[in-house]
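Note: hydrogens, waters and symmetry copies are ignored here, and every other heavy atom, side chains too, is used. Keep in mind that what you see is a predicted model, and the values were worked out from it rather than measured.
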2 protein chains.
Amino acid sequence: MALTAESITTTALSILSQYGLGDLSMRRLARELDVQPSALYWHVKDKQSLLILISRSLKAEVDALCPATADPLAAAMSLREVLLKYRDGAEIVLLGYSIAPTDVAPQALGADRLGAELSHGILTLTLGAVAVEQNRMIFDVDAAEAAENFAANAARLLRSSRRLP
Amino acid sequence: MALTAESITTTALSILSQYGLGDLSMRRLARELDVQPSALYWHVKDKQSLLILISRSLKAEVDALCPATADPLAAAMSLREVLLKYRDGAEIVLLGYSIAPTDVAPQALGADRLGAELSHGILTLTLGAVAVEQNRMIFDVDAAEAAENFAANAARLLRSSRRLP
DNA sequence: ACCTGAACACCGTTCAAGT
DNA sequence: ACCTGAACACCGTTCAAGT
């Protein structure tokens, strides 16, 4: 199968969901694709830009689950679910969102929908909370009630947009 | 000067504020301290536990600025300031908070003070937002109004604890 | 107790050279 | 256009051996 940016991304996603970011090296990726490490650099600028491709792919997954008009709290919960599918998903998307915000923010949580400020708030809360949650899974620190806890804090933040007294 | 966990942490902090996490390697640290890399492992279990020592040191810095009774919003702003002093401070403390929550959460933002749920909310929001902010500084993506933006979202979250109608 | 020296098993990236 | 092979400059960690 022809090596493309897409096939590289797909393979990266599969390494990620099985083993996590620690095992996602360019060399490991090349081995899995039966090419030399240097071959990857013809299709992808460097590792960081691969991580951005991954972030965009996760955004697309969330968009497929949640139309642009979806309830923001539901969209935040979907984003969390998608991030959890891939070990260290939150850490990667945090990087992607830092560098290419508009490309990575799900439609239902974008600045167009919620305003720049609240959009940034709910995204950084989600990425921070899920990054912590995923770290805890790895080092198995207790993370019971992570879902409810996150839902409650996301709701607090989003609810505040309906003006207070 | 005698090599200790403390002197290693101090040197790490100085590398961090000057160069960032990318340059904070055990080998680089050893060079700076004029010892062999292997010498570090007598004082510190591994790199991860060094990152936790660093997280605790930043917590102490925040506590020195904010007593346990400080206003939570002011404490969140102080935490942000301390994180910003060290390149990638947020990323490191996010890891530290994941593994040793009670050791790393500043007093004024701890579960004792705000309740487990809101404490976790404000901490993950802060760590997520500052991690994004620091990444943007590195790749110089526009991050104007980062402070005001963060303050607004932190206030939204914290304000919600005074029950709504 | 504390540190050195050498080794093991890795990294990301570049670049001439091949096809 | 697309890939190989070899190289460069690194990593974290372990462990026998020295003092």
How is the base pairing of DNA chain C summarised as a dot-bracket string, given the Watson-Crick and G-U wobble criteria with both distances under 3.5 Å, [ ] for crossing and | for another strand?
||.|||||...|||||.||

In whole Å, I'd like the distance from the CH2 atom of B/W42 to the C1' atom of C/dC3.
10 Å

If I take atom CG from residue B/L53 and atom CG from residue B/L58, how far apart are they, to the nearest 0.5 angstrom?
11.0 Å

Identify, with sequence neighbours excluded, every residue that meets salt bridge (Lys or Arg N to Asp or Glu O under 4.0 Å) alongside A/K45.
none

Given 3.5 Å as the limit, does a donor-acceptor pair link the side chain of B/N153 with the main chain of A/E117, or not?
yes

Name all residues meeting the salt bridge (Lys or Arg N to Asp or Glu O under 4.0 Å) criterion together with A/D63; count only those two or more places apart in sequence or in a different chain, and write none if there are none.
A/K59

Protein N or O to nucleotides 10-17 of chain D N or O, pairs below 3.5 Å:
residue	atom	partner	partner atom	Å
D/dC11	OP1	B/S25	OG	3.0
D/dG12	OP1	B/M26	N	3.1
D/dG12	OP1	B/K47	NZ	3.1
D/dG12	OP2	B/M26	N	2.9
D/dG12	OP2	B/R27	N	3.3
D/dG12	N7	B/R27	NH1	2.6
D/dG12	O6	B/R27	NH1	2.8
D/dT13	OP2	B/Y41	OH	2.7
D/dT13	OP2	B/K47	N	3.0
D/dT13	O5'	B/Y41	OH	3.4

I need the CG-P distance between A/L29 and D/dC3, as an integer number of Å.
14 Å

Does a salt bridge link A/R28 with A/E32, judged by any charged N lying under 4.0 Å from a carboxylate O?
yes

Using a cut-off of strictly less than 4.0 Å, decide whether B/Q36 has a side-chain nitrogen or oxygen near OP1 or OP2 of C/dG5.
yes

Figure out the CG/C1' separation between A/L33 and D/dT4, and round it to whole Å.
15 Å

Please give the distance between the P atoms of C/dA9 and D/dA9 as a whole number of Å.
23 Å

Would you please confirm or rule out a distance under 4.0 Å between OP1 or OP2 of C/dA1 and any side-chain N or O of B/H43?
no

Give a yes or no on this: more than 12 heavy atoms of other residues, nucleotides or ligands lie within 6.0 Å of atom CD of B/E81.
yes

Results of salt bridge (Lys or Arg N to Asp or Glu O under 4.0 Å) for A/R87 - residues two or more places apart only:
none

With sequence neighbours left out, what residues match A/R56 under salt bridge (Lys or Arg N to Asp or Glu O under 4.0 Å)?
A/D103

